[in-house]
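The chains referred to below are lettered A, B, ... by the order of the sequence lines, with proteins before strands, and numbering in each begins at 1. The basis for the numbers below is simple: all heavy atoms, side chains too, and nothing from hydrogens, waters or symmetry mates. This structure is a prediction, so every number in the text was calculated from the model and none was measured.
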Amino acid sequence: MNQLEGVVHKYYRDNIDTDVIIPGQYLKIHDHKELAKHAMEGIDVEFSKKVSEGDFLLCGRNFGCGSSREHAPIALANSGIKAIIAPSFARIFYRNAVDGGYLLPIEVGEETCRQIENGDRIIVDTLNSKLVNVTQGRKSYDTKPFPALIARIIEAGGLINLDPHQLIDV
Amino acid sequence: MTLTEKILARGAGKDSVAPGDVVFAKVDKLMMHDVSGPGVIKVLEEWKKRGTNLKRVWDPDKVWVTEDHFVPAADKISAKNIITLSNWTKRFGIKKHFKYGLGQYGICHTLSHEEALVLPGEVYVGGDSHTNTTGALGAFAAGLGHSDIAYVLHHGQIWFKVPETILFKLHGELPSYVMAKDVILRIIGDIGTEGGNYKCMQFSGEAIDRMSMEERLTLTNMTTEAGAKNGIIEPDSITESYLKERTEVPFQCVLGDEDANYSEIHHYELNQMGPIVARPFSPANTCDVREVQGVEIDKAYIGSCTGAKLEDLRAASRLFKGRKVKVRTEVLPAAQSIYISALHEGLVNIFVDAGCVVGPPTCGACCGAHMGVLGPKEICISTTNRNFPGRMGDIESKTFLASPLVVAASAISGKITDPRDITT
Ligand code: SF4
């Protein structure tokens, strides 16, 4: 899980909130595949049709702000998205993505976001905290390393696979 | 240490903690509702398939459950979710399940204080982002997602990164036509929707010392819109008497240290403040109500954990009394107990006489789920807390966020109106 490769879907705007990622009317749905059909519906009704398994999402600052609905990372992950690349994430979205083991929140600089184009093929290298842009001549960009605790949870595939004592004083 | 640091240190069994530390804190109270509850149950089922089965909840007496988002059952799926939730609480011995249509029930955050379910100094986690609300009681109150809540049900503890605390000192006195809602909208307008991200927002100052519990709760409620991990207010005699009217369970008030470190301190002078409105499509897109007055509206909404507490209803009723609304107006008290008080105080009569619909406590329209969602291009003025695209209905609808006074004034004139322009 140290290297992932996929295509970037770029929706570069700030504050993409959970009402956009999965609108309130779908909160009663708990079937993951059904939720995936409505992922990002507030921004692009065709989204789920455009995404293939293993793709990435690239967005602006404060991605996932708004509600605590875990439907948001679930809908994205089940539509095929494996990582979200953004300058910053809202805290509950970040936790949900990691603790639920759904997808990777990758923090990068604003300049990196501007350089990567919609449709670029990217390698996400979490071991070396880098992105490699295959489409743009293997140009590489730094990503913010995961804090130790987050890295441990990601490695375990979600919080459930760890008892509290395995996490205290990480 | 600040109050938040002290509570997290105690929860983690440490003498002290500092911002940035990651701690595992013991949880004192846990809440889930009819959206997060079934979500958590689904996570528990997934985990069971992977070999981790929840046999018992770490402490059933510390867990409480509400039905608020999709009640009255909006459709067959919602009805099924409530059955799933009820079966689960029964099976795991959760006694505090507040059921729609069975005595006291209401919006989760409103019940947290109305029923004194959370007490000062506690670590409280809820399966809802506005769990921050309850921090006004002097507790550490933070929202979590389904997996985290499921983890707490297993282990009774969860990780937190200790947040730095931003202190907002509120000075002076609020003019009669200005409410806590205006104050928090102004703060969010100043610091932005990311201004509190990962941080604690604490409120203090002589304006807080005088402020009622319900108004304080409006402040902490919307710390979520600034992205904050939690909002908090140090408990005082107002907190104590509010809680003692509602519970016999003894509690101790924890305060921050005199020499606590705050990452930022912001001062606000309230004497000169006027009503504030957040325009579509962000709670931070604020302006003076005068800048948008005259905007024609299709609906006025007085509801939600932010703006349908008893004092919110009282404020609105001051303007509705003896007048008629010009646009469709819905008033939904945030809990059954508030509905009952509003009835006994004659507020319900005032609303109904003014032409409003008074509905049952529910999140319904606040999150665009049911019970009065907005159609394409409709414009709403609302006492709720969010106005992102599509929040209250159609993606092309627009919501202005405002205080109950501004919403009532606007309902009466059919366009956005400063309450000072309605002569009382
Ligand atoms: S009233 Fe609105 S903000 Fe409050 S809990 Fe319900 S949906 Fe969330």
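- With a 4.5 Å cut-off on non-hydrogen atoms, B:R391 touches chain A through its backbone and its side chain both.
- With a threshold of 4.5 angstrom between heavy atoms, B:W159 approaches chain A through its backbone and through its side chain.
- For chain B, the nearby parts of A:D163 are the backbone and the side chain; heavy atoms of each come within less than 4.5 Å.
- Looking at A:I16, there are no atoms closer than 4.5 Å to chain B (heavy atoms on both sides), in backbone or side chain.
- In terms of non-hydrogen atom pairs under 4.5 Å with chain B, the most contact-rich of A:C65, A:S67, A:P73, A:G24 is A:S67.
- By the neighbour-count criterion of 12 heavy atoms within 6.0 Å, atom NZ of B:K398 is sparsely surrounded, having that number or fewer from other residues, nucleotides or ligands.
- Not a single donor-acceptor pair under 3.5 Å links the side chain of B:T306 to the backbone N or O of B:T384.
- Both the backbone and the side chain of A:L159 come within contact range of chain B, judged by heavy atoms closer than 4.5 Å.
- When atom types are taken as modelled, the side chain of B:N132 and the backbone of B:N221 share no donor-acceptor pair closer than 3.5 angstrom.
- Ring geometry for A:F93 against A:F89 counts as parallel: the plane angle stays under 30°, on a 0 to 90° scale with 60° as the upper cut.
- Only the side chain of B:T52 comes within contact range of chain A, with at least one heavy atom under 4.5 Å from a heavy atom of that chain.
- Proximity to chain B (any heavy atom under 4.5 Å) is restricted, for A:N15, to the side chain, taken from C-beta onward.
- Contacts of A:I43 with chain B are absent, with no heavy-atom separation under 4.5 Å from either backbone or side chain.
- If you measure heavy-atom distances from B:F160 to chain A, the contacts under 4.5 Å come from both the backbone and the side chain.
- Of all the listed residues (B:V43, B:D128, B:V373), the one sharing the greatest number of non-hydrogen pairs under 4.5 Å with chain A is B:D128.
- Chain B forms the most heavy-atom pairs under 4.5 Å with one residue out of A:A72, A:G100, A:G66, and that residue is A:G66.
- Looking only at heavy-atom pairs under 4.5 Å with chain A, the residue among B:I395, B:N385, B:N81 that has the most is B:N81.
- For B:K26, the NZ atom sits in a loose shell: 12 or fewer heavy atoms of surrounding residues, nucleotides or ligands are nearer than 6.0 Å.
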Checklist line | Stepwise salt bridge (charged side-chain N to carboxylate O under 4.0 Å, His left out) test for B:D21 and B:K14 | finding: CA-CA 11 Å; B:D21 291 357; B:K14 290 179 186 278; over 6 Å; no
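- Per-residue counts of heavy-atom pairs under 4.5 Å with chain A were compared for B:A369, B:S78, B:G390, B:G39; the largest is that of B:G39.
- Taking the six-membered ring where the residue is Trp, B:H370 and B:F70 present parallel rings, their angle staying beneath 30° rather than reaching 60°.
- A donor-acceptor pair shorter than 3.5 Å cannot be found between the side chains of A:E34 and A:Y26.
- Counting heavy-atom neighbours within 6.0 Å of B:K42 NZ, excluding the residue itself, gives a total above 12.
- Comparing A:A90, A:P147, A:G158 by heavy-atom pairs within less than 4.5 Å of chain B, the highest count is held by A:A90.
- Atom NZ of B:K80 has 12 or fewer heavy atoms from other residues, nucleotides or ligands within 6.0 Å.
- The greatest number of non-hydrogen atom pairs below 4.5 Å with chain A, out of B:R50, B:E46, B:Q157, B:K229, is found for B:K229.
- Each of A:R69, A:E70, A:H71 has some count of heavy-atom pairs under 4.5 Å with chain B, and the biggest count is that of A:E70.
- The contact between A:D17 and chain B is made entirely by side chain atoms (from C-beta outward), counting heavy-atom distances below 4.5 Å.
- Looking at A:P23, there are no atoms closer than 4.5 Å to chain B (heavy atoms on both sides), in backbone or side chain.
- Contacts between B:H146 and chain A at a heavy-atom distance below 4.5 Å involve backbone atoms as well as side-chain atoms.
- Under a 3.5 Å cut-off, the side chain of B:S147 and the backbone N or O of A:N96 do not form any donor-acceptor pair.
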Next item on the list: Evaluate salt bridge (charged side-chain N to carboxylate O under 4.0 Å, His left out) for A:D142 paired with A:K130, printing each intermediate quantity in order.
Entry: CA-CA 5 Å; A:D142 291 336; A:K130 291 237 176 285; 2.5 Å; yes
